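Take a look at the structure set out below.
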Amino acid sequence: MWPGQEQNAERSVETTLTRLRALDGGGSIAETPARLTLEDLYRMHRMRLVRLALLLVDEPATAEDVVQEAFTGLHRHWSNLRDGAAAVGYLRTAVVNGSRSVLRRRKTARDYTPPHAVNARSAESLAMLTAEHQAVVQALSQLPPRQREVLVLRYYGGLSEAEIADAAGISKGTVKSTASRALDALQKIMAGPA
């Protein structure tokens, strides 16, 4: 790989997922006032979390199920919550873990057949993406789940390495090395056959 290719892949992923974040309402999932009800959290964050899950599992109905399970779990633990920001962190971690479980079940059921090629993004958001951005989203779907998680949380979720480590249940060093390997793999996918 040429020296600048990894930076080009990172720029492409960052540009694409930042564009999707802007189309989805901008801001970070973590931006939440401290005193909120569960209904407020649901109204403010449900769609962002569904889109996060969708980038991880590639199926709209499954993504909605993952987010619904996360909110159900939050409801069960609502009395133990410190504040609204902790609730958003809980939801984000629950969505990542729920997405992992979905992917594990798929692997077990089908001996891991990669997610189907049907593009699950909405027609509006796809129409607003250029061909290059669509290629990046397609290439992301070909990455291993952990690599995809790290890139999606970093560029779509707008999270820091520490927040990614917390949400994904891995160390900050693993976040860095996984992101680097993911960008290398993404560059190779986007370059096509040699």
Side-chain angles (χ1 to χ4, degrees), residues 1-24 26 28-29 48 50-60 62-63 66 92 95-96 99-165 167-194:
M1 178 175 291
W2 296 100
Q5 285 182 319
E6 181 178 326
Q7 290 174 338
N8 290 338
E10 181 175 8
R11 222 171 299 129
S12 294
V13 171
E14 181 175 18
T15 302
T16 297
L17 294 182
T18 301
R19 177 76 175 133
L20 284 172
R21 181 176 37 187
L23 292 172
D24 290 342
S28 172
I29 292 175
R48 287 287 314 248
V50 168
R51 289 181 185 105
L52 173 65
L54 183 58
L55 285 166
L56 297 173
V57 300
D58 288 332
E59 292 177 356
T62 303
V66 166
R92 184 176 44 242
V95 167
V96 170
S99 297
R100 285 179 181 165
S101 294
V102 164
L103 294 176
R104 262 193 311 273
R105 285 191 299 271
R106 278 187 198 165
K107 182 177 181 179
T108 300
R110 299 185 251 179
D111 195 25
Y112 191 72
T113 300
H116 52 40
V118 174
N119 197 330
R121 299 229 25 104
S122 70
E124 301 87 42
S125 64
L126 281 178
M128 297 174 126
L129 291 177
T130 65
E132 179 186 357
H133 292 321
Q134 290 178 13
V136 171
V137 171
Q138 179 63 30
L140 275 171
S141 70
Q142 296 176 43
L143 291 176
R146 169 134 328 142
Q147 290 180 3
R148 185 189 324 184
E149 283 174 10
V150 168
L151 292 183
V152 168
L153 289 172
R154 181 175 180 183
Y155 297 109
Y156 180 78
L159 303 181
S160 69
E161 288 174 352
E163 291 170 321
I164 294 169
I170 56 179
S171 70
K172 281 177 54 175
T174 302
V175 170
K176 289 180 184 181
S177 63
T178 301
S180 177
R181 283 192 309 276
L183 291 171
D184 286 343
L186 197 67
Q187 182 65 38
K188 289 175 185 172
I189 292 167
M190 291 175 64

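Just so you know, these numbers come straight off a predicted model, no measurement behind them.
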Tell me, please, which residues at least two apart from A182 pass side chain to side chain contact (heavy atoms under 4.5 Å, CB included). L143, Q147, L151
With a 4.5 Å limit on heavy-atom distance, are the side chains of E14 and Y156 in contact? no
Indicate yes or no for a side-chain donor-acceptor contact from R146 to the backbone of T178 under 3.5 Å, with no hydrogens or angles considered. no
Closest non-hydrogen atom pair, V102 against T62: CG1-CG2, 3.5 Å
Which pair of non-hydrogen atoms, one from P60 and one from L54, has the smallest distance, and what is that distance? N-CD1, 3.5 Å
When rounded to the nearest 0.5 angstrom, what distance separates CG in L17 from CZ in R154? 11.0 Å
Just so I know, are the side chains of L159 and R92 near enough to count as touching, which here means a heavy-atom distance under 4.5 Å? yes
Determine the minimum heavy-atom distance between L140 and R148, stating which atoms define it. O-NE, 3.4 Å
I want to check something: taking the side chain as every heavy atom from C-beta on, are L52 and L153 in contact at a cut-off of under 4.5 Å? yes
Would you check if E149 and L56 make a side-chain contact, meaning some heavy-atom pair closer than 4.5 Å? yes
Rounded to the nearest 0.5 Å, the CG atom of L183 sits from the OH atom of Y155 at a distance of 5.0 Å
Taking all non-hydrogen atoms of both residues into account, name the closest pair between M190 and A139 and its distance. CG-CB, 3.7 Å
Can a donor-acceptor pair be found, under 3.5 Å and without considering hydrogens, that links the side chain of Q187 to the backbone of D184? no
My understanding is that only residues two or more places apart in sequence, or in another chain, count here; which of them pass side chain to side chain contact (heavy atoms under 4.5 Å, CB included) with S177? R181
Scan side-chain atoms only and decide if T15 and S12 contain a donor-acceptor pair under the 3.5 Å cut-off. no
So which heavy atom on S171 is nearest to which on A165, and how close? C-CB, 3.9 Å
Tell me, do V95 and V50 make a side-chain contact under 4.5 Å, heavy atoms counted? no
Who are the side chain to side chain contact (heavy atoms under 4.5 Å, CB included) partners of S101, not counting sequence neighbours? R104, R105
